[in-house]
Protein chains: 2
Amino acid sequence: MESRCENCIIRQFNSLRAMSKEELKHVSDSKITKTIKKGEALFEEGDKLNGVYCVRNGISKLSKLSANGKDQIVKLATKGEVLGQRSVIAEESTNLSAIAVQDMEVCFIPKESITNTLQKNPNFTLEVLRHMAHDLKEADDVIVNISQKTVKQRIAEAFLYLKNNFGEDEQGFLALTLSREDISNVVGTATESAIRIISEFKKKGLIHTSGKKIGIKDERKLMEMVDGF
Amino acid sequence: MESRCENCIIRQFNSLRAMSKEELKHVSDSKITKTIKKGEALFEEGDKLNGVYCVRNGISKLSKLSANGKDQIVKLATKGEVLGQRSVIAEESTNLSAIAVQDMEVCFIPKESITNTLQKNPNFTLEVLRHMAHDLKEADDVIVNISQKTVKQRIAEAFLYLKNNFGEDEQGFLALTLSREDISNVVGTATESAIRIISEFKKKGLIHTSGKKIGIKDERKLMEMVDGF
DNA sequence: GGGATTCTATGACAATTGTCAGGTTTGAAA
DNA sequence: TTTCAAACCTGACAATTGTCATAGAATCCC
């Protein structure tokens, strides 16, 4: 495992690549590498964050608790993504919880390294800004999807999303296995509804399952379903 | 009407306040003031924007067309807000349409002034970043609300939002009058459903109406309803 | 002022989704 | 291996929401 940020490939995928050598050195000297087990939290809604987390490996769900006690998963973050940025930048406690859905390896970077660089290196700030602009656009898309598509369409879309973003294993199952509850929290529905629709998809031959694992059998039909056919 | 940005009070409410005198002068020299009538578009989904719009007066809805032909209103922007930033920063065509729901007065600022300043003035970039961080948080909240609350709750919440953000007129009606269709597009439901619930609220004495205008009568009950009582 | 058009309203019904109440399976720990 | 809790699944039913049809009210424009 590479322990110096300067040599870390992950960096290429996020805004840290816009840092100067000295800035990176400073980050590298102050960072702490952590291992997070599946089910453990990086941070929880309402926490005051003293830094950001750079994901080296594994996947985290970012979720928010609603008034009725259900979690809504807003985003799934993987290798290369930086978590907690929004909170550090706005100097507010975080509005989301980050919980590992797979074992993770992350680097914690104290906020001083970040805020200092934000004030001095416009390239870095601009890079962060671009990432946030992208996140905002995605959030807009989620809003439209959730409000205008049926649960069935959203679940179909979620499966395609999982395939495109996290890939499949050797046997053709989605590489990221989520519990039925997590799936329902991604699409914003009751767990029973999600399960029912998964069963229906299975009967129709759109997917196949083995335990929690789900594999896509008929991608085209799923895509048609998302578009309303 | 003040025509020099340097003297414009609106600026205090947005990221332009972080610009230097010279930068502001440049913006001021290149900006174009426009009047937009209610119902007209500032820009439409898919447009490539050559600059941003600083709202001096009036209100715009930011919406996105869904596959089934319905608009989803993602945000209502008013005095002081800068529209089109996301698109200019990410150098992509815009993902939202901006349509005036009231007559508007806006300043169009060519993107060169913005991108130049973004590259040179970290304070400005940071300020823009802070605003976008705030927008992102709000978007997260919208996602949770839409997916976890009933239509009734969302409509109650929308009325409270309209009161808190745009105020009331002398007779106690919400200062921003939206059509029933716009209301349904804010909360993400069918127009008929929105109308039905508005009627119900009226019968229960939570609101009163006069034509399209809506006034809040029992704010506490509305708040309770939002929280699920 | 009259006619056309758009917006608002309501009823009837169907489809979707949530809730509750059981079962069964799975998987991890003792 | 057994055991137990958690996760998954299904049925029955109720509540919510969407759709279609229609009619009245408001508004715009000539």
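In the text below, chain A, chain B and the rest are named by the order of the sequence lines, each starting its count at 1.
The residues K34(B) and E105(B) are annotated as not salt-bridged, no charged nitrogen and carboxylate oxygen being separated by less than 4.0 angstrom. A salt bridge does not link K48(B) with E92(B): none of the charged nitrogens is closer than 4.0 Å to a carboxylate oxygen. The pair R86(A)-D135(A) does not meet the salt-bridge criterion, since no charged nitrogen lies less than 4.0 angstrom from a carboxylate oxygen. Residues D218(B) and K204(B) are not paired through a salt bridge, judged by the lack of any N-O separation under 4.0 Å between the basic side chain and the carboxylate. Between K64(B) and D141(A), at least one side-chain nitrogen of the basic residue sits less than 4.0 Å from a carboxylate oxygen of the acidic one, meeting the salt-bridge criterion.
In this structure, L16(A) and N14(A) approach most closely via the heavy-atom pair N-OD1, 2.8 Å.
Across its full length, the helix from dG1(C)-dC30(D) to dA30(C)-dT1(D) shows an angle of 50° between the axes of its 5 terminal pairs at either end, rounded to 10 degrees.
Within residues 173-195 of chain B, the residues approaching DNA chain C are S179(B), R180(B), E181(B), E192(B), I195(B), by heavy-atom distance under 4.0 Å.
Rounded to an integer number of Å, the gap from E200(A) CD to dC9(D) C1' is 14 Å. Here the P atom of nucleotide dC9(D) and the CD1 atom of I198(A) are 7 Å apart, to the nearest Å.
Residues meeting the side chain to side chain contact (heavy atoms under 4.5 Å, CB included) test with T78(A), sequence neighbours left out: I59(A), E81(A), F166(A). F43(B) is linked by a ring-ring contact (aromatic ring centres under 6.0 Å, His included) to Y53(B), counting only residues two or more places apart in sequence or in another chain.
Using the six-membered ring where Trp is involved, H208(B) and F173(B) have ring planes that are tilted, between 30° and 60° apart.
Nearer to the 5' terminus of DNA chain C, by closest-nucleotide assignment, is the contact made by R196(B) (compared with the other of R196(B) and K152(A)). When the nearest nucleotides of DNA chain C are assigned to G211(A) and K203(B) by heavy-atom distance, the more 5′-ward of the two goes with K203(B).
Note on residues 161-188 of chain B: pairs passing salt bridge (charged side-chain N to carboxylate O under 4.0 Å, His left out), not counting sequence neighbours, are K61(B)-D182(B), K163(B)-E168(B), K163(B)-E219(B).
The outermost nucleotides of DNA chain C lying under 4.0 Å from heavy atoms of chain A, listed 5' to 3', are dT17(C) to dC20(C).
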